Chemist: 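One structure is given below, represented as structure tokens, and several questions about it will come after.
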Amino acid sequence: MKVFEAISLSKTFVNGDSYLKVLDNVSFVINEGEFIAIKGISGSGKSTLLNIMGGLEYPTQGQIFVNGINIVEMSEEERTRFRLHNIGFVFQNYNLVPVINVIENIMLPAKLIGQKIDEIELKELANRLNIQDKLYHMPNTLSGGQQQRVAIARALFSKPQLLLADEPTGNLDSKTRIDTIHLMRTMCDEYRQTMVIVTHDEQIAEMADRIICIEDGRLVI
Amino acid sequence: MIKQYKINQSPEKVLERAYSHENKNRNRILLIAVTLSIVVMFCIMSTIYGKNQADVLRYIQADGMTVSTYLENGTEDSYAQLKKMSYVKDVGLENRIGKLMNEGQNYATCVALDSKAYEKMVMPSFLEVHGKYPQEADEIMLSVKTLEYLGIDNPKIGMSVFLDFYWNNIFSENNTGNQRFILAGYYIDLRNSITQNSVAYISQRRLQENSIKQFPCRLLIDVDKNFLSGEQIESQLYKDLALSEKQRIVGNDSAAYRAMEETVGGIGIGILLSMIILLALFLFVFNVIYISLDKEIRQYGLLEILGVENRQIRKIVYFPILRLCLIGSVVGGIIACIIVGVVYPLIINRMYQDMGGVRLNVFFPAFLAIACLVTCLMVLFATSFSLHRLKKLTPIQAVKYENIDTIASGRKKSARIVTVKYDFQKKRNPIWRIAWGNVIRSKKKFIITILSLTLGCQIVLMSSVIANGTDFMNKLLENNDFEISLTQNAIRTLIETSTKTEKMVMFDNDMISQGEKEANIPKNKVERIEGFLPIVDEYGQDSIRILDSQNDPLTIIQKLDKNKLDRIEGYVKKNEPLLDIDSFMQRNGVFILHNHLLSEQGAEVAKKKIGKNIGVCDLVPVGTDMSESTSIPLVNCGYIDISKKEFPDLDLMWQGENTVYLIVSENTFSTISKILTKQTFQMHFNVPDKSENETKIELKQWIRRVNMEFQTNGYSEKLNLLSLTCNSDLIASEQKHILVTRFIMWTISTALSFIGIVNYLNTIITDIMTRKREFAIMESIGLTRKQLRWMLTLEGLFYCILIAALLGSVGSGILYVFGICMHNQMEYFTFKYPVGLYIGIIIILILFCTIIPRLIYRRFSTESAAECLRRTSE
Ligand SMILES: Nc1ncnc2c1ncn2[C@@H]1O[C@H](COP(=O)(O)OP(=O)(O)OP(=O)(O)O)[C@@H](O)[C@H]1O
Ligand SMILES: [Mg+2]
């Protein structure tokens, strides 16, 4: 079953007089339960693609369907609500709301959807990501890697159908990195979630069902 | 604590609480701002209101009446018409029908009022009142002045007094002559009547018993239109009333209107002032919120990405601000109430003590409501204005928002300037370029800071200009130190009774030189108001009689100098095109100046009188055969009402009170002086400040002697020939009023400058707090703290220079225009550029701008750079 479909996406950044075509007529499909890695050299447009997929940025051209619903044509408010219920994010940085503590950060999307908080499940998840001691700390007292794991926990906890992660493990050592991805992979299979992960790491890419590679604005599959 | 952690709180609550906590400092500042704003606005409104009220009271007391419009010769019919009118609140009846005499001199006018006129219109103008209004025919109410005149120092209600009473109509002789009255009441008033006559009130029954009809009489009209000038009300009434020829409406500016004009020099300027105050407050609040939201935009972007809806974000932002408005309103309200409700009355009532224990109520709750409402609306508006940015940003832009403003980003052009200038290899000190770069880095912040600071300073300058310019002292200081004038009463009495002098000079040169000798009147510094006391021939009387006045005005020819004649000429050319200005200037024309003595019908008749002859003869002793005397023919060039607003101030004798002036050109004047005897009406002069007191004592003695000498010619000992006006006495009597005004103006300007200062502090503090990370980065690049502090100082200096320039150029221009506007509103407004204050402000500004940032920075710079970087890199 198709969870995601992009039809002839293009994205051009205009900066004064200079144009930068980051995506050039890109089309692809992602099916339910797939675990996908996106690769490409720095500046090739991976983050841009991911943002567009999640409706955070507008494509210059093209359509995006999530669960068969066109998110390009939605209003900003509708898109926010849609995102809340269907899509989770993990970014390279700027992940956590600085004014609330770690546990509230993790619970935030779930609470917003109105899910009942399962404390045991939350603790379990925190254990597996090794942040159980940090639950009541404020984000700025965590290390970069810990912050990233909290963001991952948050994305996993509300179990969105589509999870988009932009180099979620950039700050982690190789062992933790593999463990974390492994956890994500397991959750993905367990809950029939779909995950798209941007990574430079060959090892991680190999764990994926499919690898999408961006080169000169086009996809090399 | 961990055990008790409530996991199931709603996310909005959690976020709300977190942000409130995070923004504790900002909220404190805002709370202070809201409170301050409410207090200041309420105080300003209350003071203006209080001062206005005090002025109204002062005017009412001086007028001797709360109303300023009346209809002369009102009939029953006009009474009925008036009562039906929607904008007429009340109509009172006033019969000026009699007088009290003593040795041939009229010392009090007898007036009968109906209960409405007394209770609603006259009584409120008394400083004090004892007893009741006369009801019986033999009852009377006298002023304390009259009682003193009669030698009664210790009046008692119900006591008998023997008075000479006469009706104005000489043919009714019932109940006239010396008789017993019962004192029904007595009062103290503050009427400034130049004719010196006080009023004795008698009952309406006295009229009835002597079969004197109630109508026609003067109808006192209480008009419900405080914002219209007397002239406007008058013409409105003329339009709406059907009047007969003899009836005349007199509409003076109401006490409320005059007070309003005085308070802020017209409503327009009042509004302007409030707008400026509001703008300053708005900029302040906006600045605070804008700066604080600046750093939160990024977080709101993240929240949006996570699925928090815009509506929820708005709630998170607005809720604490609403709560803060509420708290601020309560706290501000309480403080304001204490100030206005307790402190103000103490001060103001003490200053107005001599208003006869009248308690001014400056506390007006509606003002508090307005202050709270306006402040809260402003805060909300400022918030929504700042939040507006978020709408225009996509979540991903919002997340990256803060980068725009910090040095870490190379993407934004303006930021790059700063990075590029980090060239520490160069020998030249690069700090000043970095500082300048910082100043202009964020256009919006730059403009807001400059604008709000400049505005704050401008307000201080402006309020100082207002405070100094409207200072009543200016008006008083323009006056002459001493004025010695002939009294109208003496002139009248002499005209009617004197048989003695051949050439009837009343204030003669002997007397003057005696004064110079005895009272040290400085001979060559004296200026005189001169003229003639003409006897107008029959034809001429025709022209003058149409000026309806029950008090039979005195007709004089007053000499005016070139400058004043030019002003009359200018006035006539501009406002009275129908008058015959050519005859006046080239031939023997005469303008007839009067103080609002023409009714509308009268004005029609007056037009026909233009061109008619007016013959004037010299004043001769009583009983002289007039047919022999030579008369000089003058030509009536028209009538001018000196009570009109545009009419120039000419220093007319007795300020127009009960006087008709024949004004002629300089040539005509010298022609007349060949036949008529020149009179000196007034002498005025200034003396050096140090001898002012001494001169005053000498003058008073001399004048007393002159008057006593005059009275030995068989005149009443109450009749004075000369009167002395000492400006220092006037100043002393106005001193309290001046002090109150000053106090109020300075309160307002202090409050406003306070806002300006708090605004600046807030800008600087928040600016430095949000730049902590940037400082850390700079430090990590290799700037020493000393260099950083120097950079901050330079930034402050740049601001100062810009503000000083703005204030000096645009600000001065505005001040100047403002000064001209004020001068047009108030003749005595004097504009002086507050140079000293300007320099003072700049110096304070420099101290503030350079020292405070350093102090604040020092406080924050106790953290190590790494700590700071880490703490703010969230
Ligand atoms: N808002 C923007 N305006 C202009 N250009 C942009 C903007 N956002 C991204 N770009 C440009 O688009 C290109 C792709 O950026 P993107 O962030 O997608 O790269 P990336 O593949 O994620 O790189 P990395 O692996 O380093 O994260 C870059 O050259 C970047 O400079
Ligand atoms: Mg990227």
Side-chain angles (χ1 to χ4, degrees), chain A residues 15-16 47-48 50-52 54-58 75-89 91 93-101 103-105 107-114 116-119 122-123 135-136 138-144 147 151 154-155 158 160 164, chain B residues 1-24 295-296 298-314 316 390-403 411-413 773 867-874:
Chain A
N15 220 347
S47 299
T48 307
L50 211 66
N51 288 344
I52 291 175
L56 295 176
E57 232 166 314
Y58 301 99
S75 75
E76 196 62 54
E77 280 296 287
E78 284 171 332
R79 210 174 2 247
T80 307
R81 215 166 306 142
F82 185 81
R83 206 156 44 220
L84 173 63
H85 288 275
N86 299 283
I87 306 173
F89 279 97
F91 288 105
N93 32 38
Y94 309 133
N95 265 308
L96 304 179
V97 182
V99 295
I100 52 180
N101 63 16
I103 191 169
E104 287 294 349
N105 260 293
M107 294 187 298
L108 185 63
K111 276 183 172 180
L112 285 168
I113 301 169
K116 184 137 180 24
I117 304 298
D118 185 340
E119 237 181 298
L122 195 153
K123 295 263 161 73
L135 284 181
Y136 302 100
M138 293 308 274
N140 61 8
T141 61
L142 268 55
S143 76
Q147 288 188 21
R154 181 179 60 197
S158 64
L164 306 172
Chain B
M1 184 202 143
I2 289 172
K3 289 246 166 65
Q4 286 160 3
Y5 194 84
K6 285 201 219 94
I7 248 166
N8 278 319
Q9 295 173 85
S10 90
E12 284 128 323
K13 267 254 172 57
V14 171
L15 285 171
E16 236 167 62
R17 202 165 303 149
Y19 275 107
S20 296
H21 183 76
E22 172 77 8
N23 286 324
K24 240 185 336 203
K295 70 169 200 266
E296 273 159 31
R298 212 185 73 179
Q299 300 172 15
Y300 296 143
L302 176 60
L303 287 175
E304 245 183 289
I305 290 170
L306 292 176
V308 179
E309 285 172 44
N310 238 322
R311 179 179 53 85
Q312 290 165 310
I313 291 180
R314 273 201 299 273
I316 294 168
L390 192 56
K391 262 201 207 132
K392 289 190 296 192
L393 300 174
T394 64
I396 207 79
Q397 281 171 322
V399 160
K400 292 179 176 170
Y401 184 80
E402 206 191 26
N403 281 358
R411 221 169 245 167
K412 183 112 185 192
K413 246 199 273 160
R773 178 183 157 79
E867 236 176 297
C868 184
L869 260 179
R870 182 193 165 90
R871 240 169 45 73
T872 49
S873 66
E874 54 215 35

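Since we're looking at a predicted model, the values are computed, not measured. In the text below, chain A, chain B and the rest are named by the order of the sequence lines, each starting its count at 1.
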Chemist: What is the minimum heavy-atom distance between A:Leu108 and B:Pro11, and which atoms define it?
Modeler: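 Reported closest heavy-atom pair: CD1-CB, 3.8 Å.
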
Chemist: Testing the basics here: between B:Leu302 and A:Val97, what is the closest heavy-atom pair and its distance to 0.1 Å?
Modeler: CD2-N, 3.7 Å

Chemist: Closest heavy-atom contact between B:Ile305 and A:Leu56?
Modeler: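 That would be CG1-CD2, 3.4 Å.
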
Chemist: For A:Leu112 versus B:Leu306, what's the shortest heavy-atom pair and its separation?
Modeler: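 Minimum heavy-atom contact is CD1-O, 4.4 Å.
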
Chemist: Taking side chain as everything from C-beta outward and backbone as N, CA, C, O, which of these in A:Phe82 sits under 4.5 Å from a heavy atom of chain B? Side chain, backbone, both or neither.
Modeler: neither

Chemist: Give the member of A:Arg81, A:Lys111, A:Arg79 that has the highest number of heavy-atom pairs under 4.5 Å with chain B.
Modeler: A:Lys111

Chemist: Hey, could you give me the OG1/CZ distance between A:Thr80 and B:Arg311, rounded to the nearest 0.5 Å?
Modeler: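 A:Thr80 atom OG1 to B:Arg311 atom CZ measures 11.0 Å (nearest 0.5 Å).
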
Chemist: Could you check which of B:Glu309, B:Gln312, B:Glu304 has the highest count of heavy-atom pairs closer than 4.5 Å to chain A?
Modeler: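 Most heavy-atom pairs under 4.5 Å with chain A: B:Glu309.
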
Chemist: Highest number of heavy-atom pairs under 4.5 Å with chain B: which of A:Leu122, A:Ile87, A:Asn101?
Modeler: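 Max contact count across the listed options: A:Asn101.
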
